[in-house]
Protein chains: 2
Amino acid sequence: MGTEERKAREKERRRKQIIDAAEKIIFSKGLEQSTMDGIAEEAELSKGTLYLYFKNKTELYLAITERGSSMLNARFSKVFTSAHDHTGIELIRLIGETYLTFVRENPNYFKAFMYYESLSDVKELEKSEFAQSCEENRREALNFIIRALQIGMQDGTVDDSYDPKELAVVIWSSTRGITTVSHMKGVGHHFEVLDDMEIPVDALFENFLKLVGTGIATEEARKSR
Amino acid sequence: MGTEERKAREKERRRKQIIDAAEKIIFSKGLEQSTMDGIAEEAELSKGTLYLYFKNKTELYLAITERGSSMLNARFSKVFTSAHDHTGIELIRLIGETYLTFVRENPNYFKAFMYYESLSDVKELEKSEFAQSCEENRREALNFIIRALQIGMQDGTVDDSYDPKELAVVIWSSTRGITTVSHMKGVGHHFEVLDDMEIPVDALFENFLKLVGTGIATEEARKSR
DNA sequence: CAAACAAATGACTGATAGTCAGAAAGTGAC
DNA sequence: GTCACTTTCTGACTATCAGTCATTTGTTTG
């Protein structure tokens, strides 16, 4: 009998329903301004039920974060599956573009990422399945970059004097910095400097790609531009 | 009569006294776990008094953030005043090192920076003198980088095909990414990947510098390494 | 010294995260 | 169909804490 299965499925559906409601509320008002009562109402459930599915408010927000991070990874994955004839350095560029596009299209998920990274109650996080999954996604994302770099070192478009793992982390981190800034610019007040200087996000990203591109290119690749 | 002056001075002292207490409490327990009552007790004042000096809890934390950002800028400033015989690219390296060292020595201030950047209630921030000052500091920090780049373009250590302003923002942002990651590694749970891969923060930073160094170097500078 | 002003207090209020005893719904055996 | 049992859900309740404000305490000045 598939009762067990069905139960599990229904539990999943409830979970999704709650996350959906939470997203709707939190994405529109921000985490602080959102109440569990409000989310419960949106989900057409009582507050108590929310706590049957999520340990607390943070955990619920982490579920949203996890959803975002999985969406992002799915896009990274697509870069590899849908584009076979690219050089390593092109793949790196594509990954960067994918990231930036994601942040532009989903500023709220990125905000969730930022919140997640600002948490530091280690014990809380260690226990959370969602946080675990976020870490797993991060690991996977890094592997995409490592793969791209290795491809580049094979096809001669990436300087192989770097350790691919170390370089991957560097690229990942610095890209994260760029996306953070471009996110903040969208969100207002922050980084008025960019407006003062009249620097559009695109120019920022292009310069970053030029910098990274030049920085990791092989001698030959640099010359042939 | 210097009564007015003395009053102003005393007001400043109270302010400082409150920020000191807030720092002590918040740095030890984290923002969420800290209460205004607790801070008031530490400051040997009543809660009401806190609100005479700071509009709300966030504003008080912003004051701490501002303090941190000023400390950081003071260090940047020192790079320029205490080291005259450096090339542009060396200055860039020194600024990066200064930043990273600051984050290592003051993870709590950096955490405050991260919190600040996660805020997005624009109206709140626009009104805050502390947020304004943080933005001013950011502007100043960027100017240090721009100056270093211009020096480098003059002395031939930095590729002058970049726009110095744009490049400065790129360097600032990506460095921010690196420091964020190195901060997170210190704080635990986050970025276990780094441990798995056995990548120390120093290696990360060295690679980043190599990347940026190569990326912005002039043809000649690259050859002469 | 007393009136006027300024600074500080802490009891109070409102909001809300999180709990829990009990209601409602579902399940399955007879 | 109904009864005993399990699972899911509910919403009133509690504890906590940010922020307020009427009152008190301290200071200045004519």
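Note that the coordinates shown come from a computational prediction; the quantities given were computed from them, not determined experimentally. Protein chains get the first letters and strands the later ones, always in sequence-line order, with residue 1 at the start of each.
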**Message:** Quick check for you: to the nearest 0.5 Å, what is the distance between B/Ile64 atom CD1 and B/Phe54 atom CZ?
**Reply:**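 That separation rounds to 8.5 Å.
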**Item:** Distance (rounded to the nearest 0.5 Å) between B/Leu100 CG and B/Ile178 CD1
**Value:** 9.0 Å
**Request:** Start with the C-alpha distance between B/Glu135 and B/Arg138, add both sets of side-chain angles, then the distance that settles salt bridge (charged side-chain N to carboxylate O under 4.0 Å, His left out), and finish with yes or no.
**Result:** CA-CA 5 Å; B/Glu135 285 307 304; B/Arg138 174 136 60 194; 2.7 Å; yes
**Request:** Please list, by residue number, the residues of residues 54-66 of chain B whose heavy atoms come closer than 4.0 Å to an atom of DNA chain D; answer none if no residue qualifies.
**Result:**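 Going residue by residue through residues 54-66 of chain B, the ones with a heavy atom under 4.0 Å of DNA chain D turn out to be B/Asn56, B/Lys57.
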**Asked** Which residues in residues 29-36 of chain B have at least one heavy atom lying under 4.0 Å from any atom of DNA chain D?
**Response**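 Only B/Ser34, B/Thr35, B/Met36 qualify.
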Whole-Å distance separating the [atom1] atom of [X] from the [atom2] atom of [N]:
X	N	atom1	atom2	answer
B/Arg13	C/dA7	CZ	C1'	14 Å
A/Lys7	D/dT6	NZ	C1'	8 Å
B/Tyr51	C/dC12	OH	P	18 Å
A/Glu10	D/dT6	CD	P	20 Å
A/Arg15	D/dT8	CZ	C1'	15 Å

**Request:** Could you go through the side-chain hydrogen bond (donor to acceptor under 3.5 Å, both in side chains) check for B/Glu105 and B/Thr101 one step at a time?
**Result:** CA-CA 6 Å; B/Glu105 292 174 359; B/Thr101 306; 5.7 Å; no
**Asked** Passes side-chain hydrogen bond (donor to acceptor under 3.5 Å, both in side chains), B/Tyr109 versus B/Glu23? Steps please.
**Response** CA-CA 9 Å; B/Tyr109 281 124; B/Glu23 246 183 51; 2.7 Å; yes
**Complete:** Only one of A/Arg176, A/Arg75, A/Arg104 passes side-chain hydrogen bond (donor to acceptor under 3.5 Å, both in side chains) with A/Tyr99, and that residue is A/Arg176
**Request:** Decide salt bridge (charged side-chain N to carboxylate O under 4.0 Å, His left out) for A/Arg93 and A/Glu206; before the verdict, give the C-alpha distance in whole Å, the side-chain angles of both, and the deciding distance to 0.1 Å.
**Result:** CA-CA 10 Å; A/Arg93 185 190 175 100; A/Glu206 280 310 316; 3.0 Å; yes
Polar atom pairs between nucleotides 9-13 of chain D and protein, under 3.5 Å, N or O only, would you list them?
unit_1: D/dC9; atom_1: OP1; unit_2: A/Arg14; atom_2: NE; d: 2.5
unit_1: D/dC9; atom_1: OP1; unit_2: A/Arg14; atom_2: NH2; d: 3.1
unit_1: D/dC9; atom_1: OP2; unit_2: A/Tyr53; atom_2: OH; d: 2.7
unit_1: D/dT10; atom_1: OP2; unit_2: A/Ser46; atom_2: N; d: 2.9
unit_1: D/dT10; atom_1: OP2; unit_2: A/Ser46; atom_2: OG; d: 3.4
unit_1: D/dT10; atom_1: OP2; unit_2: A/Thr49; atom_2: OG1; d: 2.9

**Request:** Would you check, one step at a time, whether the test salt bridge (charged side-chain N to carboxylate O under 4.0 Å, His left out) holds for A/Glu129 with A/Arg15?
**Result:** CA-CA 14 Å; A/Glu129 51 166 323; A/Arg15 225 166 225 263; 3.3 Å; yes
**Request:** Might you work through the side-chain hydrogen bond (donor to acceptor under 3.5 Å, both in side chains) test for A/Gln17 and A/Arg14, ending with a clear yes or no?
**Result:** CA-CA 5 Å; A/Gln17 172 190 2; A/Arg14 267 266 179 286; 2.7 Å; yes
**Request:** Mind running salt bridge (charged side-chain N to carboxylate O under 4.0 Å, His left out) on B/Lys16 and B/Asp20 for me, showing each step along the way?
**Result:** CA-CA 6 Å; B/Lys16 187 178 168 306; B/Asp20 286 342; 3.0 Å; yes
**Item:** Expected output: side-chain A/Glu166 to main-chain B/Ala203 donor-acceptor under 3.5 Å
**Value:**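 No.
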